[in-house]
There are 2 protein chains.
Amino acid sequence: MSDHQQRRIPSTPGISGDALPPVEQHAKQYETVRNAHETELIEDYVELIGDLIRHRGEARAADISNRMAVSQATVSKMIRRLNELGLVTSKPYRSLFLTEEGQKMAETSRARHDVVLHFLRALGVDDSTARIDAEGMEHHVSDETLAIMQRFTEQHQQ
Amino acid sequence: MSDHQQRRIPSTPGISGDALPPVEQHAKQYETVRNAHETELIEDYVELIGDLIRHRGEARAADISNRMAVSQATVSKMIRRLNELGLVTSKPYRSLFLTEEGQKMAETSRARHDVVLHFLRALGVDDSTARIDAEGMEHHVSDETLAIMQRFTEQHQQ
DNA sequence: GATAATTGTTAGCTAAGGCTAAACTGTTTG
DNA sequence: CAAACAGTTTAGCCTTAGCTAACAATTATC
């Protein structure tokens, strides 16, 4: 449904700032963000597991809990979920492995993450800030914007 | 705590990609993102209420529910929360008002939002994509990065 | 190899942010 | 002005992602 009809109070167009987008578009923006939030955490876990395997040879729940600053119980629960989603395989008390699908997700996430991180650095953002911002931004950057960021980075290194 | 000691499996440094950040820094990145998520939705509601008041003269729950594509019940519940947080004032069945604190938050959010949106456009991102990305990115951009984005935008509009 | 330390799991709690259905209030209109 | 309609609220449900505490398994150490 669209906006309610104005009652009594007249609108004051052009007073300042951009106009409100049409309702449907506006709604789509918020929906996109909500959807991103649902997958975000999953992707973060999978990406981290991939990174741990790549850099340290294995991924253990304790490492995840330390690096994410989250309790081991939370990690344990999340691993069960990742299992159900078919992203990791795990045996109790053993280290984790990514399924093929998990590996794909980890790689995609890492690639996005890197593009955003390198872009921010190329823009002139300080490294530690860039890392923090990239971690948050990564899931909200469309493919289109990502491509533009990549091109920009290529044209602006050293 | 730091990472667990390696057991049996040796690490394979330098195989590909960036190194893992030190544990404390890594943890801080994730914590920052988690904190952002807590305030994000609140800010979105407050920002939207501000925009509605500015552009249409008043903010009604139905408008919010249409524009956010969320049920009226959800909006009603959230308004109660915003009330408790001292960000809006409302009387049952009447339209909403921002408290002084709410107004401040709305303005700050809108300003951040605009900077990110205009930056994306200046980068060359298509308008509707820029809007979607800005909505998601806005809460994850540090002040430092925001300042750089603003400077970039100023230097790159015709 | 027994015990201590570390790591992992389970149970049970909380809060947030969605939802539907039903009840209620306010506005508009025949 | 009464009925119909639009808007709002409440009740009650679900899922997710945290937490702590208690327990179980593995690994390390003496």
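Lettering of chains follows the sequences in order, A, B, ..., and the numbering in each one begins at 1.
Between A:D126 and A:R131, none of the side-chain N atoms (NZ, or NE/NH1/NH2) sits under 4.0 Å from a carboxylate O, so this pair counts as no salt bridge.
Separating the CG atom of A:L85 from the C1' atom of D:dA17 is a distance of 14 Å, rounded to the nearest angstrom. Taking atom CE of residue B:M68 and atom C1' of nucleotide C:dG17, one finds them 12 Å apart after rounding to whole Å. Straight-line distance from the CD atom of A:E40 to the P atom of D:dG18: 11 Å, rounded to whole Å. Between the P atom of D:dA17 and the CD atom of B:E38 lies a distance of 14 Å, rounded to the nearest Å. A straight line from CG of B:D63 to P of D:dA6 spans 15 Å, rounded to a whole angstrom. With rounding to whole Å, A:N66 atom CG is found 11 Å from C:dT6 atom C1'. Nucleotide D:dT9 holds its P atom 14 Å from the NZ atom of B:K91, rounded to whole Å. When rounded to the nearest whole Å, the span between CG of A:L96 and C1' of C:dG8 equals 11 Å.
Listed nucleotides: D:dT20, C:dC19, D:dA17. Nearest to the side chain of A:R81: D:dA17. Closest approach to the B:K77 side chain among C:dG8, C:dG18, D:dC19 is made by C:dG18 (side chain taken as heavy atoms from C-beta onward). With C:dG17, D:dA25, D:dG18 as the candidates, the nucleotide lying closest to the side chain of A:Y93 is D:dA25. You'll find that the side chain of A:A62 is closest to C:dG8, out of C:dG12, C:dG8, D:dT27. Nearest nucleotide to the side chain of A:R60, out of D:dG7, C:dT7, C:dG18: C:dT7. Considering only side-chain atoms of B:R80, the nucleotide from D:dT10, C:dG17, C:dT20 that sits closest is D:dT10.
Taking side-chain N and O atoms only, B:T74 has no distance below 4.0 Å to OP1 or OP2 of C:dG18. Between A:S71 and D:dC19 there is a side-chain polar atom (N or O) within less than 4.0 angstrom of OP1 or OP2. Close to D:dT27, at under 4.0 Å from its OP1 or OP2, lies a side-chain N or O of A:R94.
No side-chain heavy atom of A:L96 sits less than 4.5 Å from a side-chain heavy atom of A:L52. Within the 4.5 Å cutoff, the side chain of A:V70 has heavy atoms near those of the A:Y45 side chain.
Among the atoms of the strands shown, none is found under 4.0 Å from any heavy atom of A:V75. Counting any heavy atom pair closer than 4.0 Å across all strands shown, B:A73 reaches a base atom. Within 4.0 Å (heavy atoms only), A:I79 reaches no atom of the nucleic acid at all.
Only one option out of A:T153, A:I148, A:V141, A:L146 pairs with A:V115 in a side-chain contact (heavy atoms from CB on, under 4.5 Å); it is A:L146.
Using bins of under 30°, 30° to 60° and over 60° for the plane-to-plane angle, the ring pair A:H140/A:H37 lands in the perpendicular bin.
For A:Q72 and A:H37, each mapped to the nucleotide of DNA chain D holding its nearest heavy atom, the one lying further toward the 5' end belongs to A:H37.
In this structure a side-chain-to-backbone donor-acceptor pair under 3.5 Å is missing from B:R81 to B:I42.
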